[in-house]
Amino acid sequence: MKKILFFGMMAALLLGTASCSSDMEPTMGDDMVRFTIELPGNIDSRAIADGNTAKQLTVAVYDETGAELTQLKVNKEIPHQTTVEFKLVKGQTYSFAFWAQAEGAPYTFNTANKTVSVDYTDAKSNDEKRDAFYAYRADLTVNGPIEEVVVLTRPFCQLNYGASDYQDAIKAGVNATKSAVTVNHAATSFNLSTGATDGDVEVAFTQEVLPADPETLVVNETDYQWMAMNYFLVPSNEATIETSLQLYEDNATEAVRDITVPNVPVQKNHRTNIVGNLFTEDVNFLVVIDERFDQPDYIRDLNRPEVADGKLLVNGFEFDDLAAAIAAANGNIVYMGKGTYDTQITVGDGETVKLAAGKGLNRDEVVISKQIKATAGATLELDGITVHGNNSSEAGIDATGATVKLNAVTSTGNRGMNIFGNCNVTIENCEFSASGTYARGLNIGKGNNTVTVKGSKISAPDYYALNFISSADNENVTLTNCDIFGWAIINMWGKNNTINFEGCKCTSINKYSGESNAFSAIMMNDGADGNSMTFKNTSFYVEAKGDQPQWFLYLMGSGNVFNFENVFVKGVHTLWADPVYGSDEDIANNTINYIGNCVFDWSEE
């Protein structure tokens, strides 16, 4: 998984029902409307932009004329997820505005006109309490009980500065500890129903201590010292501004650096990062916009069409049979209603199949109970669904020579997924769970596959999370921000593969006893030669629970290169003193590079 969402206590707030007039007491209705409200971020994410400060939730309800039903207004505390419930009148149409902010934040939500105004007076730099979130659900007609998920987003731009030469500046005698930022265009109000902003002012965020948790801003896989972070309303959905950064030493009133950056692009609910050499006389910087702040495990796209339970929707036409819907779609998206579909799907050469959960549904609610197979020349795209293969013998998803794009997908089976021979696979926010004899989370081989995995969970606790078979040659696999669990994290038989880990959490446990069950988190078998593996900002937990050893790295191949950068390895009851195992010849025939701050907390019992 990308990360684990923090699900707070589900608090259901039962309110009176509304009539179509805001001036009358609501008439009791029997139809329940329930919203599950989610903020981005989680307990494992960074402190900045993790959503933890915006705990005060307001929900305003409007009748079909747009008038507020004030008696239905909700004010409550929100953890990362909560629910609100309304008993409303069948046949009536309502709209809902959602706003979440920190206590004491400089925002005023005028629920009557659906507008939030911003007070920039004495705004301090690097103030995370200025984070806030919103959503607007328009024109919901009540024709029975309704449950919807609302994912709140930010109406702001987050503007960040990061320095690559901060330590050099300290060595040269300049120790900046505070920052201030000015932007020449910021809106002062925001309409939740239309997204429109109003006002145009210059804002000076006054000097405050540098962001401290975390201190590092990561942009394009490069670490920078975080120098400034500020939220402001963009005058339109996207704009160009001029901004300046002032850096101060402790208790100083005169800046040690004052840098102006013109023509900076900014967008609502995006991060604009200005990074580079900020202290040297020859100032070089890069401006990068991040597409989103953060992403929860399940993204429910509320702009998708609603689909009835057990039904399929293609271009507005409803189907009862999944195979028939796929045939009629001719490469267009098949939206799936809640339910389990017992259908074997095979995508052939030149064919395209796109399947996605309907509005408000997550992957646990839309299930295909048989394997999906994509053969050579096929294109397969899955979004927000679960696929179950036969746990005893097959993968949930089997791809050979295909182009595959998976988002918010769970795949289970004896293999979570097979990736064979010239596949191009993109995986994001997914979960692969493999069980049974010789289970593999991702099973890769037959050469020349390109696999990119982001924010996902790969689990084969009894066997191998990532298994590279003997024909796995020239594979290119990148994993970013993934959670990986297996007897082996990598079981490698192939040659000349390129494997990259970034920001991953790896758990490798050997629970077996008996001869021949000694194993390793990274297992390089005999004949696994010429591979290049890089592990950056990644942690390993290694444990032996049986009577056989468990190593971190087991070397039998030759010509392999391992780069460990800022890697933490924790070994518990490993039954072996050295985390790296191999004969003197095998160790000499491979290269291990430790870069940056690599720590081995290794124990032997």
Side-chain angles (χ1 to χ4, degrees), residues 307 310-314 319-358 361-436 439-446 449 451-453 456-460 467:
V307 187
K311 302 295 184 180
L312 297 311
L313 203 64
V314 178
F319 292 80
D320 296 317
D321 179 75
L322 179 55
I326 291 172
N330 192 29
N332 292 312
I333 298 175
V334 177
Y335 290 103
M336 305 178 68
K338 182 178 180 179
T340 299
Y341 301 83
D342 187 27
T343 304
Q344 175 77 51
I345 299 172
T346 299
V347 190
D349 186 11
E351 295 178 343
T352 296
V353 169
K354 300 179 180 180
L355 306 176
L361 298 176
N362 66 49
R363 55 186 170 189
D364 295 328
E365 299 172 304
V366 181
V367 178
I368 297 174
S369 60
K370 290 188 176 179
Q371 183 187 68
I372 298 179
K373 180 175 288 188
T375 62
T379 297
L380 172 66
E381 295 186 12
L382 306 177
D383 193 340
I385 67 174
T386 290
V387 183
H388 291 313
N390 184 330
N391 280 357
S392 65
S393 64
E394 67 184 16
I397 301 170
D398 184 279
T400 300
T403 298
V404 180
K405 184 177 181 180
L406 307 178
N407 181 61
V409 169
T410 294
S411 181
T412 70
N414 184 249
R415 282 94 166 98
M417 182 176 181
N418 286 332
I419 303 172
F420 292 152
N422 299 295
C423 285
N424 191 328
V425 179
T426 302
I427 297 166
E428 192 164 0
N429 311 316
C430 293
E431 181 171 353
F432 300 91
S433 181
S435 59
R440 285 92 166 94
L442 294 182
N443 195 39
I444 301 170
K446 301 186 180 179
N449 295 291
V451 183
T452 302
V453 188
S456 297
K457 182 175 182 180
I458 304 168
S459 177
N467 186 61

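Values below: all heavy atoms of this structure, side chains included; hydrogens, waters and symmetry mates excluded.
- Taking all atoms of both residues into account, the shortest heavy-atom contact from Val307 to Gly358 is CG2-CA, 4.0 Å.
- For residues 416-425, the side chain to side chain donor-acceptor pair (under 3.5 Å) pairs, not counting sequence neighbours, are Asp398-Asn418, Asn418-Asn443.
- Listed here is the closest heavy atom pair of Ala399 and Val404: CB-CG2, 3.9 Å.
- Looking only at side-chain heavy atoms (C-beta outward), Lys354 and Asn332 stay at 4.5 Å or farther from each other.
- Among all heavy-atom pairs drawn from Ala356 and Ile333, the shortest one is CB-CG2, 4.0 Å.
- From Cys430, atom SG reaches atom CG of Leu442 across 10.0 Å, with rounding to the nearest 0.5 Å.
- With hydrogens and angles left out, the side-chain atoms of Thr412 and His388 include a donor and acceptor closer than 3.5 Å.
- Between the NZ atom in Lys311 and the CZ atom in Phe319 there is a gap of 11.5 Å [rounded to 0.5 Å].
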Take Gln371 and Ile397 through the side chain to side chain contact (heavy atoms under 4.5 Å, CB included) test and state the conclusion after the steps.
CA-CA 6 Å; Gln371 183 187 68; Ile397 301 170; over 6 Å; no
Just do the side chain to side chain contact (heavy atoms under 4.5 Å, CB included) check on Met417 and Leu406 with the steps written out, would you?
CA-CA 11 Å; Met417 182 176 181; Leu406 307 178; 3.9 Å; yes
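- A distance of 7.5 Å separates CG in Leu312 from CG in Asp321, rounded to the nearest 0.5 Å.
- Contact between Met336 and Ile385 at its shortest, heavy atoms only, is SD-CG2, 4.1 Å.
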Start with the C-alpha distance between Thr426 and Thr403, add both sets of side-chain angles, then the distance that settles side chain to side chain contact (heavy atoms under 4.5 Å, CB included), and finish with yes or no.
CA-CA 8 Å; Thr426 302; Thr403 298; over 6 Å; no
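- Counting all heavy atoms, side chain and backbone alike, Ala434 lies closest to Arg440 at CB-O, 3.1 Å.
- How far OG1 of Thr400 is from CZ of Phe420: 6.5 Å, rounded to the nearest 0.5 Å.
- Side-chain contact between Lys373 and Thr346: present, with at least one pair of heavy atoms (C-beta onward) separated by less than 4.5 Å.
- Residues Ser393 and Asn414 are not in side-chain contact: their nearest non-hydrogen atoms beyond the backbone lie 4.5 Å or more apart.
- Put simply, the residue from Leu382, Leu380, Leu322 that forms a side-chain contact (heavy atoms from CB on, under 4.5 Å) with Ile345 is Leu322.
- Heavy-atom minimum distance, Ala378 versus Val347: CB-O, 3.3 Å.
- Residues Thr410 and Phe432 are not in side-chain contact: their nearest non-hydrogen atoms beyond the backbone lie 4.5 Å or more apart.
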Go through the steps to decide whether Tyr341 and Val367 satisfy the test side chain to side chain contact (heavy atoms under 4.5 Å, CB included), and finish with yes or no.
CA-CA 6 Å; Tyr341 301 83; Val367 178; over 6 Å; no
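- Taking CD1 of Ile419 as the reference point, atom CG of Asn449 lies at 6.5 Å (rounded to 0.5 Å).
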